[in-house]
2 protein chains.
Amino acid sequence: MGTTQLETAPEPKYWHLRTVLSEALDSEFAVGEILPNERELAARFGVARATLRQALEQLELEGRLQRRRGVGTTVAPPRVGVAVDPARHTWPGAPGDDWQPQDATATETVPAAVARILETAPGDRVHIVRRSRVTGGQPVAAELLYVPSVLVPGSTAVASLSAPARARAVLNALQERELDGQDRTVELGSARAEDARQLDRLPGAPVLVVTTRYVSAGRPAAVAVATYRADTCRLTFGESDAVAVLAG
Amino acid sequence: MGTTQLETAPEPKYWHLRTVLSEALDSEFAVGEILPNERELAARFGVARATLRQALEQLELEGRLQRRRGVGTTVAPPRVGVAVDPARHTWPGAPGDDWQPQDATATETVPAAVARILETAPGDRVHIVRRSRVTGGQPVAAELLYVPSVLVPGSTAVASLSAPARARAVLNALQERELDGQDRTVELGSARAEDARQLDRLPGAPVLVVTTRYVSAGRPAAVAVATYRADTCRLTFGESDAVAVLAG
DNA sequence: CAGTGGTCTAGACCACATT
DNA sequence: ATGTGGTCTAGACCACTGG
């Protein structure tokens, strides 16, 4: 504040507010500190609460703030660097990966986008493994892994196991095969109800959707759709040794 | 509409609306088609315009809709697959890449995050190259490339050239060196004023920020910060031949 | 010019976490 | 019970696009 502005093209209030708050966060607040509540902040800046909230939303999207209903708004720590492909050319569920198997089910109806990537025909049976990824005590990602049942021997016996054991059984079946390669896409999405619960967020929260296709014997053998919390995560790629600096 | 709901856990109106609209988009609208205006839609669903807008925002975030002030809301085409690293192990500006050099300037003040990655000391002179990426006639990304001036011979003569020529001069200087490797992070951000203009969006629009570090002779030689339109882009990674399917 | 989406207001009530 | 952020309303005006 205090800088006289020429106002050639009037800036929206919420955008200006975002900038002011962002600078205040840099200089006057420590990580984890609780901000004044929204009604108080709105009054202090002389704007409606809705306008103030628009600015806070921006800052939350940028990972600067964390808001929790019933609690308050706190200054967020820097985003966590999450390696998307820690060990290249391994199947999901390989020893030492950061994912925790939760459950596995079988179905014949998969999302159209997944069926297209897997190159399955309508009616083909597919195993779905649900996994979650935890870093530093916080859940950062939820994943659905789709594997054609053709690739999972003994599918019938699997049903009698506990949920995590069922998931591991499917993952173990993959390790037996040779992995030709994998490719990936990253896009922005919004958390579905189930993912939101798992990520400790509200439905619609912004997530980074990482879709990985695993190829074996020249054909797609599995598709993983992982949703990472966009507010708290920075995805890292690249040579394993070089990545350390960026992951900071 | 018309479905009686049990309302076990009351769903927010805007979220339900998002679902209803999403299904309507799948079944009743074609790509490019113009939706009724917001006041009309709000009235039709019996909600306030703000609530309707909240649902539209979600759908725009997911790349289903495109809204333009003064024009209307249209059904968006599927997201474009954009290869982030088409040719591995090449410098930015290598022959055949998809970026158009726009300008280059020199400065001694770079963002703290960039200085940390580049391992430059305060006061070190750095060249900044601005480039843009266009796919299918639409701008999809804007990039700032930071190169320590130490690596750019003849920095003084450069000033007399045209803007794009200055940019190319810096890029050409890079090609001379050996590239050891590169690593990358992807995170969610919001478009700054300048990027927003370049991407034909409003300030604050969601973007995928791709930060690439180029290593030469064991030291970071350049850092590229590219902001992709999150609503229209799907970033693709991986083996060049395998990526074709996902990029669809 | 009329019509669109974008911004902003001043309220109200709800869901949730903490005390 | 209190206080927080989340949802929702019914208006108003602004900025931009197009004919």
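Excluded from the calculations below are hydrogen atoms, water molecules and symmetry mates; all remaining heavy atoms, backbone and side chain alike, are included. Bear in mind that the values here come from a model prediction, so they are computed numbers and not experimental data. In what follows, chains carry the letters A, B, and so on, assigned in the order in which the sequence lines appear, proteins first and then strands, with residues in each chain numbered from 1.
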- Could you pull out all residues at least two apart from B/Gln66 that satisfy side-chain hydrogen bond (donor to acceptor under 3.5 Å, both in side chains)? none
- Message: Once side-chain hydrogen bond (donor to acceptor under 3.5 Å, both in side chains) is applied, do any residues pair with A/Thr109, and if so which ones, sequence neighbours excluded?
- Response: A/Thr107
- Item | Opening and closing nucleotides of DNA chain C in contact with chain A, under 4.0 Å to non-hydrogen atoms | C/dT7 to C/dA17
- Does a side chain donor of either B/Arg229 or B/Gln138 reach within less than 3.5 Å of an acceptor in the other side chain? no
- Query: Among all residues two or more places apart in sequence or in another chain, which pass the side chain to side chain contact (heavy atoms under 4.5 Å, CB included) test with B/Pro206?
  - Reply: A/Leu188, B/Leu61, B/Leu188, B/Ala230
- Task: Tell me, please, which residues at least two apart from A/Glu60 pass side chain to side chain contact (heavy atoms under 4.5 Å, CB included).
- Result: A/Arg67, A/Arg201
- Under 3.5 Å, side chain of B/Arg49 to main-chain N/O of B/Ala42, donor-acceptor pair present? no
- Message: Taking B/Asp231's backbone N and O only, do any of them form a donor-acceptor pair with B/Arg79's side chain (distance below 3.5 Å, no angle check)?
- Response: yes
- B/Leu202 near the nucleic acid: base, sugar-phosphate alone, or nothing, with a heavy-atom cut-off under 4.0 Å? sugar-phosphate
Specify the separation, in whole Å, of atom [atom1] of [X] and atom [atom2] of [N].
X	N	atom1	atom2	value
A/Arg39	D/dG5	CZ	P	7 Å
B/Arg53	D/dC14	CZ	C1'	13 Å
A/Glu60	D/dT4	CD	P	17 Å
A/Leu35	D/dG5	CG	P	9 Å

- Considering heavy-atom distances to DNA chain D, does A/Ala50 or A/Thr73 have its closest nucleotide positioned more toward the 5' end? A/Thr73
- Message: Please verify the inter-ring angle class for A/Phe237 with B/Phe237; under 30° counts as parallel, over 60° as perpendicular, anything in between as tilted.
- Response: parallel
Short heteroatom pairs, N/O only, protein and nucleotides 15-19 of chain D, under 3.5 Å:
| unit_1 | atom_1 | unit_2 | atom_2 | d |
| --- | --- | --- | --- | --- |
| D/dA15 | O4' | B/Arg69 | NH1 | 3.4 |

